[in-house]
Amino acid sequence: MTQRPPDRFFDAPADDVAPRLLGATLVSRMGGRVTRGRIVEVEAYLGQSDPASHAYRGRRHRGNESLYGPPGTWYVYLSYGMHWCANLVCGPAGSGGAVLLRAVEPTGGLATMAERRAGRAREEWCNGPGKLCAALGITRELDGSRVMASAVRLDLSTARDGPRAQGPRVGITKAREWPLRFWLEGTPWRSRA
DNA sequence: GCGCCGATTGGCT
DNA sequence: GCCAATCGGCGCC
């Protein structure tokens, strides 16, 4: 059974929501198959005021319409023309803030994930934003839907107050040094970068 | 209209 | 460690 986040959970700014998502479980029904992953690494993007955010250049950048949807909306975009990346829109509404999912620990539907990530070691299934979307079957079809009414839901009952760490974001050129990347301390499942 | 670059990944030097 | 793959937005001609 999936435990809903409190109604206003995503109304807070992305840098406040991001650490609270650590440990929560994603339950995906994409492609008609159930897969699960526990969130171990995320990054906050602050919206219009953040030079690295897709909201920084305004509303029509990179097909980012859903970034301006209500908090709790999925924003899924195509990176480098081949990999999907999944974000959850945060508050305040209309700010363009969001949390990027960077790595999850595979916890369910392992046979399906193994198929989708054929030939790769289990540690490589979900340890990157594009990789976890591939393993969970996430594509643009999810973009714009509300998280708790969508094919990929969130179970906060596994979130914990365990040791968390925080550091610079990766893979970007602007505002790279802002300490908006969060992960579960000691997890072997986080991304390489 | 054209060329460049990105919140990435995987294969090869 | 380096680099190609691949595509849409943006800047500039």
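Just so we're on the same page: letters track the sequence lines, and every chain starts at 1. Given the structure is predicted, the values throughout are model-derived calculations rather than measurements.
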Item to check | side-chain contact (heavy atoms from CB on, under 4.5 Å) partners of A:A18, counting only residues at least two apart | outcome: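 A:V42, A:A44, A:V99, A:F182.
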Checklist entry - Tell me the side chain to side chain donor-acceptor pair (under 3.5 Å) pairs involving residues 167-177 of chain A, sequence neighbours left out? => result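 Output for this query lists A:D50-A:R169.
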Calculate the interatomic distance between [X] atom [atom1] and [N] atom [atom2]; express it in whole Å.
| X | N | atom1 | atom2 | result |
| --- | --- | --- | --- | --- |
| A:Y45 | B:dG6 | OH | C1' | 11 Å |
| A:L132 | B:dT9 | CG | P | 8 Å |
| A:H83 | B:dG6 | NE2 | P | 15 Å |
| A:L67 | B:dA7 | CG | P | 13 Å |
| A:Y56 | C:dC10 | OH | P | 14 Å |
| A:Y80 | B:dG6 | OH | C1' | 4 Å |
| A:R192 | B:dA7 | CZ | C1' | 19 Å |
| A:W125 | B:dG10 | CH2 | P | 14 Å |

Checklist entry - Below 4.0 angstrom from OP1 or OP2 of B:dG10, is there any side-chain N or O of A:K131? => result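 Yes, such a contact exists.
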Checklist entry - At under 4.0 Å, does any side-chain N or O of A:R102 touch on OP1 or OP2 of B:dT8? => result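 For B:dT8, OP1/OP2 do have a side-chain N/O of A:R102 under 4.0 Å.
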Next on the checklist: For a 4.5 angstrom cut-off between non-hydrogen side-chain atoms, does A:R190 reach A:R181?
Outcome noted: yes
Next on the checklist: Could you tell me if the side chain of A:L78 sits less than 4.5 Å from the side chain of A:H83, heavy atoms only?
Outcome noted: no
If you check every side-chain atom of [X], which of [options] has the closest atom?
| X | options | answer |
| --- | --- | --- |
| A:Y77 | B:dA7, B:dG10, B:dG6 | B:dA7 |
| A:M82 | B:dA7, B:dG11, C:dT6 | C:dT6 |
| A:R57 | C:dT6, C:dG11, B:dA7 | C:dG11 |
| A:S79 | C:dC7, C:dG11, B:dT8 | B:dT8 |

Next on the checklist: With rounding to the closest Å, how many angstrom separate the P atoms on C:dC13 and B:dC5?
Outcome noted: 15 Å
Checklist entry - If you measure from the C1' atom in B:dG10 to the same atom in C:dG8, how many Å do you get, rounded? => result 22 Å
Next on the checklist: Quick check: on DNA chain C, is the nucleotide nearest A:L78 upstream (toward 5') of the one nearest A:G58, or the reverse? Name the residue that is more 5'.
Outcome noted: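 Going by which nucleotide is closer to the 5' end, it is A:L78.
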Checklist entry - Nearest nucleotide by nearest heavy atom, which residue falls closer to the 5' end of DNA chain B, A:R117 or A:G171? => result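 Of the two residues, A:G171 wins.
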Checklist entry - So which nucleotide does B:dC5 pair with, by the Watson-Crick or G-U wobble rule with both distances under 3.5 Å? => result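 Per the H-bond distance test, C:dG8.
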Checklist entry - Is the charged tip of A:R20 near the ring of A:F9: under 6.0 Å from the six-membered ring centre and within 45° of its axis? => result yes
Checklist entry - Which part of the nucleic acid does A:R169 contact within heavy-atom distance under 4.0 Å: base, sugar-phosphate only, or nothing? => result nothing
